[in-house]
There are 2 protein chains.
Amino acid sequence: MSGPTGTPGPARAATIVDVARAAGVSRQTVTRAVNDMAGISAATRERVLAAARELNYHPSRFGRGLVKPSARTLGLLVGDLTNPYYADLASTVLRLAADRGWNVVMAEPGSVADLVGGADAVVGFTGLALDRPGPGAPNLPVVEIDPPRVQPGHGRVELERATATGDAVRHLLGRGVRRPVVMDLPGSTSRGRAFTAAFRAAGVEPVAAPREAGWADLRDLDPDALVAFNDLDGFRLLRDLARDGVGVPERVKVVGVDGLAVGEFVTPRLSTLAIDLAEVARAALDLVVELSERRAGDPVRVVPHRFVARDST
Amino acid sequence: MSGPTGTPGPARAATIVDVARAAGVSRQTVTRAVNDMAGISAATRERVLAAARELNYHPSRFGRGLVKPSARTLGLLVGDLTNPYYADLASTVLRLAADRGWNVVMAEPGSVADLVGGADAVVGFTGLALDRPGPGAPNLPVVEIDPPRVQPGHGRVELERATATGDAVRHLLGRGVRRPVVMDLPGSTSRGRAFTAAFRAAGVEPVAAPREAGWADLRDLDPDALVAFNDLDGFRLLRDLARDGVGVPERVKVVGVDGLAVGEFVTPRLSTLAIDLAEVARAALDLVVELSERRAGDPVRVVPHRFVARDST
DNA sequence: CTGAAAGCGCTTACAG
DNA sequence: CTGAAAGCGCTTACAG
């Protein structure tokens with residue numbers, strides 16, 4: 001609906017040709033001015049930059065990217081960054097990716113704008129989202145962290161839990177625990193299943209409870225240990241227990257999962273299943289590079305949790 | 001150094017033409033297969049996809065972006081994501097940006113790979129890095145959060161501190177504080193200066209101490225209040241004080257800055273200068289949109305801190 | 001110091 | 001169902 005010529009359409013962003021026309025020069029003179037290159041008179045440069053400013057001109061990443069080498073972009077899919085677990089992982093990925101000259105576009109599940117379209121490869125907790133790798137969808141290299149099921153062709157970093165869970169359970173049993181509660185999501189996840197299995201192997205039948213249960217909901221079970229879904233939930237439970245005057249670890253022991261550094265600062269300090277997130281990040285990046293260069297088979301890396309006993313058990 | 005033709009060079013990534021040649025079809029047939037479009041026989045599609053897989057073909061974001069509308073990309077520059085302050089802000093930015101159809105490329109200072117080249121606009125704590133907006137450098141819309149000094153043409157979100165600092169200081173004085181220590185970075189920052197000014201206005205001269213000082217360094221000053229550089233530092237101090245058996249808040253009061261949610265979970269719960277990060281994020285995004293559409297003057301938004309008194313004071 | 005030409009990798013009409 | 005042509009916005013040699 002814009003006029004025949006000269007009447008700038010309101011929607012379309014200014015392009016290098018618009019600036020060239022406005023400044024009365026050629027396109028590559030605009031390039032020279034805008035990119036601060038040599039071989040252009042000060043006067044011309046000024047005129048061009050003025051025109052660019054006037055038109056609110058911003059060079060297109062795409063035009064530029066097509067023609068000159070530029071950083072590759074890694075799509076990173078994490079859970080809620082509000083959880084330090086994901087934030088810490090992201091922090092390491094950012095650092096390692098930058099070392100290798102990659103940019104990182106990030107998304108939380110539910111806010112995946114166009115991760116796939118904006119990235120050259122994708123890494124992350126795909127269990128949280130990313131269902132749509134349709135037959136012909138832009139098939140990027142993908143590395144999944146802690147995936148619920150294997151996806152052929154994708155790399156994956158598995159977070160091994162069995163060993164550390166065994167250690168934790170042994171630790172609890174050794175301190176007299178007989179009536180543990182394992183808290184988990186509705187469908188049950190590998191974390192919950194691992195604890196349940198380990199307790200059973202020792203002849204103790206744990207009670208299952210929903211992740212978000214509070215002490216008020218659990219009190220009647222008279223539990224002597226609570227396995228929280230993660231550290232954040234563990235903090236919440238510790239606070240509730242303190243509020244109700246329930247002694248931790250004397251009367252009830254509490255274990256978290258994730259190994260958050262802040263667990264050192266709550267009272268009592270929270271025992272937890274920790275994992276080296278820097279190692280997870282490193283493994284994921286190694287795999288994604290591998291995948292984008294050669295086409296490897298089904299590359300897998302395994303990173304183990306370890307049990308960290310602190311004061312809450 | 002690759003052969004005359006047919007000998008694939010090792011470095012160069014496969015392009016749509018390579019696939020077309022390998023499959024013996026035209027470029028747009030490749031497009032149809034790869035993008036799962038209609039108007040192509042199943043057999044041809046299979047043949048093309050096989051060739052694509054064989055060549056490890058991944059469509060170029062740039063070629064594609066140039067020709068079809070795609071999400072805009074916001075560059076977000078935050079501090080260490082390991083600090084929940086930045087992580088929480090990033091989380092909100094991610095969500096809001098996705099609502100508006102933007103992608104977000106993220107960087108921490110020191111890991112800024114090519115933020116400027118990879119984004120259509122930049123938002124963040126530019127005080128932490130980003131010095132190089134040279135004369136002709138790719139001039140994107142920029143919104144600075146809590147900038148150390150105003151940069152003409154840039155939008156900015158100012159984090160107002162004076163009011164909340166006054167409240168905090170009044171609160172402390174009201175509880176008998178007379179020998180406060182204000183901890184800050186070497187050059188002193190606006191947060192430190194605000195506290196110092198507020199104490200002086202009330203006729204109390206605070207002692208300045210380096211941000212990373214521990215109780216061992218401060219004990220001899222016999223302070224009755226510690227103003228930590230941020231909440232994380234506050235947690236550290238609380239732990240040290242508990243370890244040394246120093247009563248908080250009876251003997252020493254502790255104030256943090258940032259308003260981290262975990263401050264609710266440490267013991268005693270940390271009093272702090274909080275700010276609504278969602279509001280900061282929203283203001284920054286509003287400005288950046290404004291800046292990339294019209295060219296506004298020097299758009300500014302102000303978001304206030306507020307003092308949250310908890311148990312540590 | 002400045003400009004005309006070619007090409008980066010892709011998709012969108014348009015013919016057949 | 002398939003392909004030849006044009007063009008997206010930019011930069012890189014190459015002439016003048």
Side-chain angles (χ1 to χ4, degrees), chain A residues 9 11-49 51-52 55-70 72-73 114 116-118 120 136-140, chain B residues 9 11-49 51-52 55-70 72-73 114 116-118 120 136-140:
Chain A
R12 193 175 65 78
T15 159
I16 196 174
V17 207
D18 299 324
V19 178
R21 192 173 340 162
V25 297
S26 69
R27 279 147 52 195
Q28 53 271 50
T29 295
V30 175
T31 289
R32 291 188 187 101
V34 166
N35 293 332
D36 205 20
M37 304 168 76
I40 180 175
S41 76
T44 309
R45 156 171 298 132
E46 263 325 303
R47 191 153 42 93
V48 171
L49 290 181
L55 293 172
N56 196 26
Y57 167 70
H58 302 297
S60 149
R61 282 180 296 124
F62 299 117
R64 179 174 281 160
L66 206 47
V67 84
K68 54 182 336 189
S70 83
R72 317 234 287 149
T73 296
D114 188 18
V116 167
D120 300 305
N139 63 331
L140 310 176
Chain B
R12 192 176 64 76
T15 159
I16 195 175
V17 207
D18 299 325
V19 178
R21 193 172 340 161
V25 298
S26 70
R27 280 146 51 193
Q28 53 270 50
T29 295
V30 175
T31 289
R32 292 189 188 100
V34 167
N35 293 333
D36 205 19
M37 304 168 75
I40 179 176
S41 76
T44 310
R45 156 171 299 134
E46 265 326 304
R47 191 153 40 94
V48 171
L49 289 181
L55 292 173
N56 196 26
Y57 166 70
H58 303 297
S60 149
R61 280 181 298 124
F62 300 117
R64 178 175 280 160
L66 206 48
V67 84
K68 55 182 333 188
S70 83
R72 318 234 285 149
T73 296
D114 188 19
V116 168
D120 300 306
N139 61 330
L140 310 176

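In what follows, every chain begins at residue 1, and chains take the letters A, B, ... in the order their sequences are listed.
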From the set [options], return the single nucleotide nearest to any side-chain atom of [X].
X     : options               : result
A:S41 : D:dG3, C:dT2, D:dC10  : C:dT2
A:K68 : D:dC10, D:dT12, C:dC1 : D:dT12
A:T29 : C:dC8, D:dT2, C:dG3   : C:dG3
B:R64 : C:dG9, C:dC10, D:dT11 : C:dC10
A:R32 : C:dC10, C:dT2, D:dT11 : C:dT2

Would you classify A:T31 as touching base, sugar-phosphate or nothing, given that sugar-phosphate means primed atoms plus P, OP1 and OP2, and contacts are heavy atoms under 4.0 Å?
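Here A:T31 touches the bases of the nucleic acid.
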
Within the structure shown, what part of the strands sits under 4.0 Å from B:S60 by heavy-atom distance: base, sugar-phosphate, or nothing?
sugar-phosphate

How close or far is atom [atom2] of [N] from atom [atom1] of [X], stated in whole angstroms?
X     : N     : atom1 : atom2 : answer
B:N35 : C:dG9 : CG    : P     : 17 Å
A:M37 : C:dC1 : CE    : C1'   : 13 Å
B:R21 : D:dT2 : CZ    : P     : 20 Å
B:F62 : D:dC8 : CZ    : P     : 19 Å
B:L66 : D:dA6 : CG    : P     : 18 Å
B:R27 : C:dC8 : CZ    : C1'   : 11 Å

Looking at every heavy atom in both A:I16 and A:Y57, which two are closest together, and how far apart are they?
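Where A:I16 meets A:Y57 most closely, the heavy atoms are N-CE1, 3.5 Å.
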
A:R61 (side chain) and D:dG9 (base): donor-acceptor pair under 3.5 Å:
no

